[in-house]
Amino acid sequence: MELWGYRRQDGSVGIRNHVLVLSSIVCANEVADRIYRAVEGTVPVIHPHGCGQLGVDFEQTRRTLLGFGLNPNVAAVLVVGLGCEKMEAAKLALDIAEKGKPVETIIIQEAGGTSKATEKGIQLAREMVKKAAALEKVPISISDLMLGLECGGSDTTSGIAANPAVGVASDLLLAQGGTVILSETAEIIGAEHLLAKRAVSVDVGEKILSMVKAVEEDAVRMGVDLRGTQPSPGNIVGGLTSIEEKSLGCLRKAGAGTVQDTLKYAEKPSGKGLYVMDTPGQDVESITGMVAGGCQLVVFTTGRGTPVGCPIAPVIKITGNPRTYISMEENMDINAGTVVEGKESVAEVGQRIFDLMAAAAGGKPVKAELLKHYEFAVTRIGPSI
Amino acid sequence: MEDKQRTVKVVVIDPLDNVATAVDDLKAGETIMISSGKPVKNLKVSQEIPFGHKVAIASIPQNCEVIKYGEPIGTSSVTIEPGEHVHIHNMFSNRGRGDLQKANS
């Protein structure tokens with residue numbers, strides 16, 4: 001299959017060519033947002049963090065922001081900061097520039113306030129968009145793809161139709177030398193023994209079990225019943241009764257692949273193959289973590305429907321619920337509900353998903369991109385001080 | 001157009017399962033076909049089962065495992081007869097039950 005994409009200075013391969021306006025801190029959000037909205041061809045990363053963070057919590061947020069800047073789908077970055085924060089905009093910019101990516105920085109305190117910072121940012125962003133548009137595509141390989149697997153707004157059709165179909169597509173990508181990331185650790189509770197059995201080593205199997213145990217222990221330590229959060233009220237209305245039932249369905253997204261290793265939130269995999277990243281089940285946080293780890297593309301199964309996208313990566317939306325495909329057609333790329341209706345097999349839908357993945361990789365925009373759904377959220381592991 | 005004559009109204013994922021998942025709204029008193037690799041059999045649905053919800057396809061005594069995907073997905077809180085709706089009112093999860101820990105402490 002002939003595939004064309006962008007080769008970045010550090011050798012990584014992107015399937016989009018975004019100019020990213022990256023706010024380094026909550027206080028710079030408004031200026032970053034104004035720059036993004038004024039300049040056609042930019043995408044935003046806006047978030048409520050970057051200040052008052054300590055230790056591993058600070059490192060995790062920084063790793064995520066840096067991961068977005070370094071993601072190969074990004075052609076150039078405009079970092080927007082305030083000037084006094086620990087998440088120093090200039091240092092972030094330097095770390096991105098080190099990998100050969102064009103970067104500019106706006107510091108609101110140095111620029112002289114909102115209007116001056118916005119004006120300067122708009123000029124810089126416009127230049128970056130012009131330069132990025134001149135970049136040419138080169139032939140790339142399907143094995144260059146790193147795919148994030150996501151499920152959200154699940155119901156019982158997810159485990160019967162959409163997820164097994166994604167599993168087929170995931171196996172197809174792995175067979176061609178690509179990389180796949182499974183995440184949402186809470187949604188492995190009840191199925192972790194099955195995943196651990198598929199680990200490349202006993203060691204990795206143990207890591208999977210510990211990772212899942214830790215999340216379950218969080219709930220137990222808080223003295224709360226996980227039900228109502230996992231599964232969510234929407235999951236329950238949709239027929240999912242327990243986290244075990246949900247997880248057994250969720251796991252089917254990962255097909256039959258062998259798990260190479262576990263990853264921290266927003267950590268880049270060290271090689272090709274199937275990996276499991278420790279993220280919450282919260283959809284936007286998990287997508288953000290996987291894309292920060294290098295995913296250029298995400299497939300997202302839903303039963304009840306969700307519009308969520310990502311600023312720098314296409315999020316292919318698949319529903320196994322034929323009713324949702326009709327009611328939220330604006331947001332849905334693939335109808336896997338045909339499996340539930342007996343019109344198509346899981347294998348047939350899986351092939352359709354894989355074909356759309358290749359088309360999206362080649363440049364075809366998916367619905368979340370056309371609708372400009374640019375959700376972004378980082379998982380916090382410590383309080384703001 | 002909805003196909004009311006469609007024969008497949010429930011899905012059984014694994015031969016070990018004691019529940020099936022409705023892929024249509026099922027009415028009380030309806031008879032459905034169950035096929036899961038074992039010989040096809042008929043089952044009378046005794047309660048309304050909404051699309052996506054589970055219906056018991058075997059007797060599940062109280063405090064026994066509810067099986068789907070060939071794996072336990074929870075425990076029955078009462079005895080459940082074939083044809084009955086299976087959900088939060090008559091089964092419970094065994095994982096993440098911090099509420100039980102709190103109650104026992």
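Note: hydrogens, waters and symmetry copies are ignored here, and every other heavy atom, side chains too, is used. Labels below follow one simple rule: chain letters A, B, ... track the order of the sequence lines, proteins then strands, and each chain is numbered from 1.
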> Does a side-chain heavy-atom distance below 4.5 Å link A:Gln230 with B:Arg95?
Replying inline: no

> Is any side-chain heavy atom of A:Ile160 less than 4.5 Å from a side-chain heavy atom of B:Thr21?
Replying inline: yes

> Heavy-atom distance under 4.5 Å to chain A: side chain of B:Val86, backbone, both or neither?
Replying inline: backbone

>> Any non-hydrogen side-chain atom of A:Asn321 less than 4.5 Å from a side-chain atom of B:Phe51?
In response: yes

> Do you know which of A:Gly337, A:Gly249, A:Pro322 has the most heavy-atom pairs under 4.5 Å to chain B?
Replying inline: A:Gly249

>> Given B:Val23, which partner from the list A:Thr156, A:Val339, A:Thr157, A:Val340 fulfils the side chain to side chain contact (heavy atoms under 4.5 Å, CB included) test?
In response: A:Val340

> With side chains defined as the heavy atoms from C-beta onward, is the minimum distance between A:Asp225 and B:Phe92 less than 4.5 Å?
Replying inline: no

>> Is B:Pro72 close to chain A through its backbone or its side chain, or both, or neither, when contacts mean heavy atoms under 4.5 Å?
In response: backbone

> How about B:Glu48: does its CD atom have over 12 heavy atoms from other parts shown lying under 6.0 Å from it?
Replying inline: no

>> Measuring only between side-chain heavy atoms, which start at C-beta, is B:Glu71 closer than 4.5 Å to A:Leu194?
In response: yes

> Measuring heavy-atom distances to chain A, does B:Lys68 have an atom under 4.5 Å in its side chain, in its backbone, in both, or in neither?
Replying inline: both

> Residue by residue, which of residues 232-247 of chain A have a heavy atom closer than 4.5 Å to a heavy atom belonging to chain B?
Replying inline: A:Ile236, A:Val237, A:Gly238, A:Gly239, A:Leu240, A:Thr241, A:Ser242, A:Ile243, A:Glu244, A:Glu245

> Which region of A:Arg252, side chain (C-beta onward) or backbone (N, CA, C, O), has a non-hydrogen atom less than 4.5 Å from a non-hydrogen atom of chain B, or is it both or neither?
Replying inline: side chain

>> Contact between A:Leu248 and B:Ile73 at the side-chain level, heavy atoms closer than 4.5 Å - yes or no?
In response: yes

